[in-house]
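Below you'll find the structure, written out as structure tokens, and then a few comments.
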Amino acid sequence: MKILTLLVPCLALAACNDVALSFVCPDDQQPSVAVGVLDGITRASATDESRGWFTVGGVTDSLRHGVRVEGVPQLYAYGPPGVYQVRVQRPGHVEWVQSNVVVQGARCGPNTVTLEATLQRAP
């Protein structure tokens, strides 16, 4: 009985320590890359008519439209940590490409890398 009396407080302390060190990730997935798209002449947001793709680890997927920062529309990549290539297109503009975008991993997923795609008008 004496051993059990000593063992129970030890187990309780271990459980408390585990709870104190636990980490809760947010329910919503964070983007790996956020791209703000601007018109090269007016410097106005050009995200609405833009579309894009990203490639990481040999897999290509489309960028998603959304609003995350101060109501400014952006394009988002949702993928794993790794080295990305990001492409953005808009009618009447030259395709914008950014290679070697390094996305680091974090405890709850990738750390978001923010890019600005300034699109030039097509000749």
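Side chains of Q30 and T112: a donor-acceptor N/O pair is absent below 3.5 angstrom, by distance only. Side-chain atoms of Q89 and R87 include no donor-acceptor pair closer than 3.5 Å.
Taking every heavy atom of both residues into account, G105 and N111 meet most closely at O-ND2, 4.0 Å. The two atoms that bring A46 and D39 nearest to each other are CB-N, 3.8 Å, heavy atoms only. Shown here for G40 and T118, the closest heavy-atom pair between the two residues is CA-CG2, 3.6 Å. Scanning both residues, F54 and A77, for their nearest heavy atoms gives CD2-CB, 3.4 Å. Here the closest non-hydrogen pair linking N100 and V83 is CA-CG1, 3.7 Å. Of all heavy-atom pairs between A34 and Y76, the closest is CB-CE2, 3.5 Å.
No donor-acceptor distance shorter than 3.5 angstrom exists from the side chain of H65 to the backbone of R51, with no hydrogens or angles considered. Although no hydrogens or angles enter the test, the distance criterion places no donor-acceptor pair under 3.5 Å between the side chain of S32 and the main chain of P110. In this structure a side-chain-to-backbone donor-acceptor pair under 3.5 Å is present from T47 to P73.
How far NE2 of H93 is from CD of E49: 8.5 Å, rounded to the nearest 0.5 Å. To the nearest 0.5 Å, atom CD of residue Q85 and atom OG1 of residue T55 are 5.5 Å apart. Here the CG-CH2 distance, from L75 to W53, works out to 10.0 Å after rounding to the nearest 0.5 Å. Distance check: Q120 CD to I41 CD1 gives 7.5 Å after rounding to the nearest 0.5 Å. The OH atom of Y84 lies 14.0 Å from the OG atom of S99; values are rounded to the nearest 0.5 Å. Between atom CD of residue E116 and atom CH2 of residue W96 there is a gap of 9.0 Å, rounded to the nearest 0.5 Å.
Between V56 and P80, some side-chain heavy-atom pair lies under the 4.5 Å cut-off. Looking at heavy atoms from C-beta onward, E95 lies out of side-chain contact with V88 at the 4.5 angstrom threshold. Annotation: side chain of V103 is in contact with side chain of V33 (closest heavy-atom distance under 4.5 Å).
At most 12 heavy atoms of other shown residues, nucleotides or ligands fall within 6.0 angstrom of atom CG in D27.
Cluster annotation: V35 is connected to V113 through the hydrophobic network of ILVMFWY side chains, with a link wherever side-chain heavy atoms come within less than 4.5 Å. Neither Y78 nor L63 shares a network with the other; the hydrophobic side chains, linked directly or stepwise wherever heavy atoms of I, L, V, M, F, W or Y lie under 4.5 Å apart, form separate groups for each.
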Practice item. Take S50 and L119, measure what side-chain contact (heavy atoms from CB on, under 4.5 Å) needs, and give me the verdict at the end. Key: CA-CA 10 Å; S50 298; L119 303 181; 4.0 Å; yes
